[in-house]
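The structure appears right after this line, and notes come after that.
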Amino acid sequence: MAEDAILGYLAAAEEIPDSGQFASQHGLQHSEVVNVIKSLHGFRYIDAQDIKRESWVLTDEGKKYAAEGSPEVQLFLAVPQEGSISKDELQKKLQPSVFKIGCSQAGKNKWVDMGKQVSRKVQHVEDKVKDLLIRVQNGEEIGKDDVHSLKARKLIVAQTWKGYSVRKGPNYAPKRKKVATDLTRENLQRGDWKELEFKEYNFNAKGPPSESGHLHPLLKVKQQFKNIFVQMGFEEMPTNNFVESSFWNFDALFQPQQHPARDSHDTFFLEAPSTTRELPEDYVELVKRVHESGGYGSRGYMYDWKREEANKNLLRTHTTAVSTRMLYALAKQPFAPKRYFSIDRVFRNESVDRTHLAEFHQIEGLVCDRGLNLGDLIGVLDDFFSRLGMSKLRFKPAYNPYTEPSMEIFSYHEGLKKWVEIGNSGMFRPEMLLPMGFPEDVRVIAWGLSLERPTMILYGIDNIRDLFGHKVDLSLIKRNPICRIGLN
Ligand code: PHE
């Protein structure tokens, strides 16, 4: 065993000058000797000093010639002792590379006459290259000029060899003592702790990497969006309720009860509790009236509005439900302009594919003030998206039950070289704002977008299931880079 060999050797000798020689003298693998040296050094049985040596090893081509002979000698031997051989004939007898290199080297050495016919100029040659290669292979030293020429022919390459020279250390003993690493209950009971020799603390040992929490990419991107909203003077809305009543999710937004989004194909309704406990009755009455017969210059939807439909609990389909609650609360106060934002989860009964899940995160912003108009909306969107590095925007007329006018937002994607849809926006309708009790000249501009879309673009993820859900690779969570957006 390497350990006994090393400790035993040092009992009589001052030093092991070279671990490599030591290994070969004792028939040991150098790697094993090195491991033992490191371990003995750790316990200070020995002192070890690094040694580095440049050595030469054969390339694949070098190994081939060491076995088969150099190309020049192979070529020489293929030329007949007497007379000559045609160059074509000679070429057929040898491998193409051997022929090519052989011709040039044997010509240089003046061993053969190279013409259309090839003949020998000398009768006997020595394969010096092969001999040198074998010596290198055996770890023997060769002369500087020889090294140079073998290197030039790419038959050998330098390799750094690492080993140690070793001497006795402060704790040297010819045999390793078993040292205790722990003081156990048994040691105390038996009293043998008095005789035990304890292992020294190794203050240089590295501890295991500490486990810690990690931020999901969605959380990092969310933080960046939050920063932008806060820089723009927006306050965050409380979004801590996934369960919402149909009333706040749809009715208060002037979304009619027969609207297809209110179907169970699009929305998750709750089984228990299936209905909400309370709604603000006087406000419900005003909402019912605006749906049925309008008011505030509107004809309404002209249908029988049903309370049971409004009572149904659901998983909120958009964070606009939260915005609606906030606006309702705001309208109850003496009027003051506000900027609100939220970023949180919403749910839709969608079939899952590479870009859709049944739940995602919405980013929503709104500004409430007197006399706002479409120009203000465009201006705010321009400011908001410029901070994300998207300054080329286009707007397309769209439809939402609760906004008029409504606009889809498109941004020019430099990478994809096309316009991509990035969000939805609009001005909340008077049918939504006036029943809440806002003064008549108060307008609310608002917009929404998903958090997943920009996150996937920023982190180069093209399947949403790689970002969110039970199939996510945990190393994505542990190793994703920090997120800085809008720096360009
Ligand atoms: N609620 C809309 C959606 O779910 C987004 C939106 C918010 C649109 C505010 C207009 C105004 O897509």
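One-based numbering, in listed order, for ligands and for the atoms of each.
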In ligand 1, which numbered atoms sit nearer than 4.0 Å to a non-hydrogen atom of T320?
1 (N), 7 (C)

Considering the heavy atoms of E364, write down every atom of ligand 1 situated less than 4.0 Å from one of them.
7 (C)

Of all the non-hydrogen atoms in the protein, which one sits nearest to atom 3 (C) of ligand 1, and at what distance?
Q362 NE2, 3.4 Å

Per-atom contacts of ligand 1 with N400, taking only distances under 4.0 Å to non-hydrogen atoms:
8 (C), 10 (C)

Enter the distance from K64:NZ to Q95:CD here, rounded to the nearest 0.5 Å.
4.0 Å

Could you label the plane-to-plane angle of the F335 and F438 rings as parallel, tilted or perpendicular, counting under 30° as parallel and over 60° as perpendicular?
perpendicular

Applying a strict 4.0 Å limit to heavy atoms, is R348 in contact with ligand 1?
yes

Quick check: are there more than 12 heavy atoms from other residues, nucleotides or ligands sitting under 6.0 Å from NZ of K177?
no

Students should be able to answer this: which protein heavy-atom is nearest to atom 2 (C) of ligand 1, and at what distance?
Y402 OH, 3.1 Å

Return the set of residues passing side chain to side chain contact (heavy atoms under 4.5 Å, CB included) with R394 (not counting sequence neighbours), or none when no residue passes.
F410, W419

Could you identify the single nearest non-hydrogen protein atom to atom 6 (C) of ligand 1 and state the distance to 0.1 Å?
G448 N, 4.0 Å

Give me the residue, atom name and distance of the protein heavy atom closest to atom 9 (C) of ligand 1.
A446 CB, 3.6 Å

For the atom pair OG (S411) and CD (E421), what is the distance rounded to the nearest 0.5 Å?
11.5 Å

Aromatic ring pairing F254/Y301, orientation class (parallel under 30°, perpendicular over 60°, tilted between):
parallel

Mind checking whether S323 contacts ligand 1 via backbone (N, CA, C, O), side chain (CB onward), both or neither, at a 4.0 Å heavy-atom cut-off?
neither

If you measure every N/O of W447 against every N/O of ligand 1, is any gap under 3.5 Å?
no

Side-chain contact test, heavy atoms from C-beta onward, threshold under 4.5 Å: evaluate it for V136 versus L58 and give yes or no.
yes

Nearest to atom 12 (O) of ligand 1 by heavy atom, V346, N424, L253: which?
N424

Just one of F360, F347, Y402 clears the ring pair (Phe, Tyr, Trp, His ring centres under 6.0 Å) bar with H318, so which one?
Y402

